[in-house]
Amino acid sequence: MNDGVINRKCKHCSNSFEVKGTLEHFCCSGCRAAHSMITGLELDDFYNLSEKSVLSKGATFDDSLVEVFDEQVFNNKFCEVNGKNTEAKLHIDGLTCYACVWLIKKALEKKVPEAQIDISLSSGESRLNFSAEHTSLSSLVRLISSLGYSVRPSVGGVEQGAAKDLVRIGVSTFCFLNIMMFALPDYVDSRFVTERGFWQLFRWISFFLATIVIFYGAYPLLKTSWIYLRRFKITVDQPIMLALLIAYLYSGMNTFVGSGEIYFDSIAIVVTLLLTGRFFQKKIVQSAEAQVRGRFDLSMHYVKQQVGDKKKILPVNKLESGDGYYILPGDPVPVDSKVIKGQGEITYEQITGEAKPEMLLEGQIVRAGAVASANRFDLIAIESGGAGLFARMDTLLQQMLLEQGIYTKFSDKLGGIFFAFIILFSSSLLLILWSSSPEEAIRRTVAALLVACPCAFAIAVPLTMTKATALGLKNGIIFKTQKAIENLGRAKKVFFDKTGTLTYGRPEVIKVIWDIQALNTLSLSKEMIIDILKVLEDYSSHHVARAIGLWAQAQPLGLRGVKASKQDEHDLISDHGVDEFMEATPPKIKEQLGQGLIIMLDHNEIRLGRKKFVSTQDKEFAPVGDEGSTVFLGIDNKSIAQIVLSDTILPEAQPIIQQIKKLGMIPGIISGDGATISLSVAHSLGIDKNYVFSDATPFEKIKNMNQAVQKRDKTVMVGNGINDMLALAYADVGIAVGDASQKAKDSASICLLGEGLHNFLPAITLSQTALKKIKICFIFASSYNLIGLTLAAFGKINPAVAAVLMPISSVSVVIIASRWRLQKKGNAEWRA
Amino acid sequence: MEVLFFLVPISLILAGGALVACIWAIKTGQFRDVVSPGEQLILEDKLLAAEESARIESSKGQSLGE
């Protein structure tokens with residue numbers, strides 16, 4: 001059907017891409033630029049050395065903004081100056097294997113030999129050392145970027161944090177192993193160690209090591225328990241900390257006294273397991289986040305200014321009313337401004353989600369968020385940078401993300417109940433027995449606390465979540481927080497953005513109504529006109545034109561040279577004319593901004609666009625209804641057809657909505673689009689119109705969610721655009737779908753990779769399974785604990801046995817948590 | 001058995017030494033990147049092989065040229 005389309009592998013990154021018969025070897029301009037840079041430096045060996053079959057695509061970078069790396073206000077956050085040497089901490093994206101590291105190091109060697117770089121392949125973190133006398137940071141960044149990698153300042157602390165955690169785990173493990181060694185005699189026949197000297201020595205050593213474990217190893221637990229205690233909130237750390245502290249104090253007392261049980265080994269094993277489990281959890285969450293963290297977008301924070309010939313950069317929040325600046329195609333307008341010079345098409349896609357272009361002329365006011373399609377605009381700000389729409393959205397977003405907190409919370413209900421129960425149980429046990437025998441009371445209470453220790457939760461929950469996150473990662477679902485999995489599993493209301501989430505996001509021709517009478521009068525055939533419309537496919541300047549061209553291409557008819565039925569002078573279009581037109585490149589198409597297109601043939605004119613633009617003749621047209629927007633088609637001032645376009649709903653949307661309803665959830669739509677279209681989409685998907693909100697700005701989207709939600713229901717927001725970012729951050733779970741904008745991905749707690757919604761149901765399944773597993777673990781652990789508690793209360797449990805039971809419960813829960821068996825649901829194939 | 005009073009502290013000191021070494025290794029960043037050293041070895045092998053063959057090519061060319 002489409003001739004000349006071949007699949008080819010990019011010469012640089014080896015990704016396959018489609019090309020139309022031209023001699024294009026690269027999949028994108030980034031790859032092309034990187035390739036020429038690499039060959040220019042004679043580092044072609046790179047392509048042979050690379051272990052991977054597919055590299056990452058070359059990143060394009062905004063050369064005009066790289067200078068900002070030299071500004072002190074910008075770089076003092078990640079640069080350190082030691083005399084002549086400056087060390088910059090950078091993050092490099094796009095590294096696939098060691099060959100990339102080699103490439104960058106070699107390129108630096110060749111171009112800037114005085115500079116040195118250390119790159120960590122797995123994380124992308126690097127340290128660049130250079131002398132400010134010989135070179136500048138911006139030229140180094142430029143060099144690395146020109147090789148196809150994306151460079152940005154390092155968000156500090158990730159590596160130091162990991163090192164600290166590892167040290168803590170190392171020390172705890174050391175203490176744990178040694179305590180176990182010294183505890184062994186107590187487990188075996190103690191006849192061997194009746195000599196009191198050793199026995200006491202071992203106890204003192206264990207006490208000393210356990211002190212390290214409690215105050216250094218378990219320090220994170222202590223800290224969070226205290227922080228949340230002050231706020232009167234219950235978390236899973238508190239019961240654990242309580243049990244550990246009581247066991248420690250009791251054992252410590254017994255060490256001083258010289259008799260009685262000690263539980264230092266149990267304390268140590270619990271702390272070590274906990275720390276290890278959380279370490280792995282943190283690692284996988286970081287790797288999940290790294291997958292969706294975007295390339296550093298300088299244009300969001302800086303504007304370009306030009307004074308005479310000199311180009312400058314200014315941070316957006318320093319922009320004052322009255323300041324002049326310019327934007328290039330693709331840059332967003334940061335604040336409401338007035339156009340001084342330039343005219344052309346802009347879209348407010350980032351605000352409304354709709355790619356409908358508008359005209360912007362000199363002297364007009366443009367609102368923040370507009371993006372120019374193809375022209376440069378020189379503007380003067382009429383409000384200051386801090387007040388601009390993006391600044392306000394950003395501030396609000398930061399606030400919301402902060403409030404959510406980074407601490408992963410266990411289900412508050414379950415943890416709270418359990419904690420309360422333990423406290424009640426142990427205190428009543430203590431009181432009851434105190435009167436008869438204080439020693440026995442303490443002994444039994446400690447045994448009870450040990451057996452009831454919720455280490456099962458502390459270990460099982462992170463483990464289940466880690467497993468869920470890892471499975472998600474392998475299948476294109478990025479869970480950024482544990483809370484996201486929890487909330488998605490308990491979701492009640494699911495709100496979808498319309499454009500680009502439930503629909504393709506591009507207009508498509510859904511219906512063409514031909515005026516047959518008019519056609520006959522002009523002795524034209526549909527086929528001829530369709531043939532001509534095919535050229536519009538490459539006319540990418542206008543979504544609608546392109547959509548019509550694609551539709552024309554897809555028509556099964558349209559053989560070239562189909563002759564009109566009457567070959568006489570009344571023929572309006574000669575075959576010759578059509579052929580010539582098709583051969584001519586570029587096709588003679590003129591655009592009348594805001595009105596339509598004119599396709600110019602030898603003797604005729606075909607017009608596409610508004611009714612009056614196409615034909616000044618008054619004519620009655622069949623009403624088209626709510627299905628979409630209409631574009632008129634005419635030739636030589638006579639209209640011959642109405643073309644109806646609409647944003648087609650994704651085919652998978654309907655079954656997904658049905659499935660959501662079957663699972664007991666309520667779907668809704670929140671859209672920046674108009675009511676008519678939103679309601680019609682809702683209708684065709686089976687969504688209750690009470691849950692449809694339209695014409696919503698980013699701020700209104702939050703309000704809408706607020707309205708429809710009661711406190712206890714968990715809400716999900718599914719979106720893909722910048723205009724969704726606040727709603728995504730506000731919802732209990734924000735899901736960024738498919739080709740979402742970076743801001744959306746940053747605000748969402750879950751990102752679905754790949755096209756469309758195909759990962760949506762699997763994500764829900766995954767979350768629900770995770771919650772089910774946690775419930776199973778909980779049931780198992782608590783029944784186990786209840787039995788243990790009862791036995792301890794009656795003194796049936798030798799405290800040594802209690803100490804052994806604790807790790808056994810943990811280990812068995814670990815086994816439960818790590819065995820996943822997922823069935824194939826329909827087309828969904830799980831990669832395990 | 002009194003020797004234990006002597007042996008136990010020694011074993012703790014030895015073990016402690018191992019711990020110190022471990023912490024030193026972590027702090028000097030040896031665990032920062034566990035992926036690239038392995039790849040680096042293979043890569044350098046490849047580079048050497050490439051240079052070898054390049055050398056052989058050029059020396060062949062010379063001897064043929066004479």
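First the proteins, then the strands, lettered A, B, ... as listed; each starts at 1.
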Checklist entry - When you look at NZ of A:K105, are more than 12 heavy atoms from neighbouring residues, nucleotides or ligands closer to it than 6.0 Å? => result yes
Checklist entry - In this structure, are over 12 heavy atoms from other groups packed under 6.0 Å from A:E87 atom CD? => result yes
Item to check | Distance (rounded to the nearest 0.5 Å) between B:L4 CG and A:F202 CZ | outcome: 5.5 Å
Next on the checklist: Would you say NZ of A:K110 has more than 12 non-hydrogen atoms from neighbouring residues, nucleotides or ligands within 6.0 angstrom?
Outcome noted: yes
Checklist entry - By a 4.5 Å heavy-atom criterion (distance strictly below it), what part of A:I119 contacts chain B: side chain, backbone, both, or neither? => result backbone
Item to check | Closest heavy-atom pair and its distance - B:A15, A:N178 | outcome: CB-ND2, 4.3 Å
Next on the checklist: Restricting to non-hydrogen atoms, name the atom on A:F174 and the atom on B:G16 that form the minimum distance, rounded to 0.1 Å.
Outcome noted: CE1-N, 3.7 Å
Checklist outcome for this item: So, the part of A:V101 with a heavy atom under 4.5 Å from chain B: the answer is neither
Next on the checklist: Would you say that more than 12 heavy atoms from the other residues, nucleotides or ligands in this model lie under 6.0 Å from the CZ of A:F208, or not?
Outcome noted: no
